[in-house]
Amino acid sequence: MDEKKMVRNVKADLPHNIIMENRSKISISGVENAESYNESEVILHTSKGILSIKGEGMNLSKLNLDSGEITVNGRIVLLEYAEPKKSGGSFLARIFK
């Protein structure tokens, strides 16, 4: 169990970089997991949050979760990070704001 925690902490410290070439190729480091992907959207868990890449004709040409690197080819239209959900606190704290 401690090994899993240590691996998770190491991945959280991965540097997160994005290199885009002519809106047709994007290389990303700091990737912890590829949640889903298809021709129009790729959703990645990175060390800096959840990243959604939208486009057309997209495919994964490189996926190496051990090193945290991924390369996506296709027409890239949008890169978007999901904001982390903030805890609203306890039920009573939310009522008595």
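Values in this document were obtained by computation on a predicted structure and should not be read as measured data.
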N/O donor-acceptor pair under 3.5 Å between Arg75 side chain and Glu56 backbone: no
[X] [atom1] to [Y] [atom2] distance, which is reported to the nearest 0.5 Å:
X	Y	atom1	atom2	result
His16	Leu44	NE2	CG	8.5 Å
Ser29	Asn64	OG	CG	12.0 Å
Leu51	Ile18	CG	CD1	5.0 Å
Glu41	Ser36	CD	OG	6.0 Å
Ile70	Ile28	CD1	CD1	6.5 Å
Ile50	Glu80	CD1	CD	11.0 Å

Test side chain to side chain contact (heavy atoms under 4.5 Å, CB included) applied to Val31 and Glu69, step by step: CA-CA 6 Å; Val31 176; Glu69 296 176 356; over 6 Å; no
With clusters defined by side-chain heavy atoms of hydrophobic residues (ILVMFWY) lying less than 4.5 Å apart, directly or transitively, does [Y] cluster with [X]?
X	Y	result
Tyr37	Met58	yes
Tyr81	Leu79	yes
Ile43	Leu65	no

Does [X] reach the side chain of [Y], with side-chain heavy atoms less than 4.5 Å apart?
X	Y	value
His45	Glu35	yes
Val72	Lys25	no
Leu78	Ile53	no
Thr71	Ile26	no

Residue pair Ser40 / Asn38, side-chain donor-acceptor N/O under 3.5 Å: yes
Between Glu32 and Ser47: side-chain donor-acceptor atoms closer than 3.5 Å: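 Not at all, the side chains of Glu32 and Ser47 share no donor-acceptor pair under 3.5 Å.
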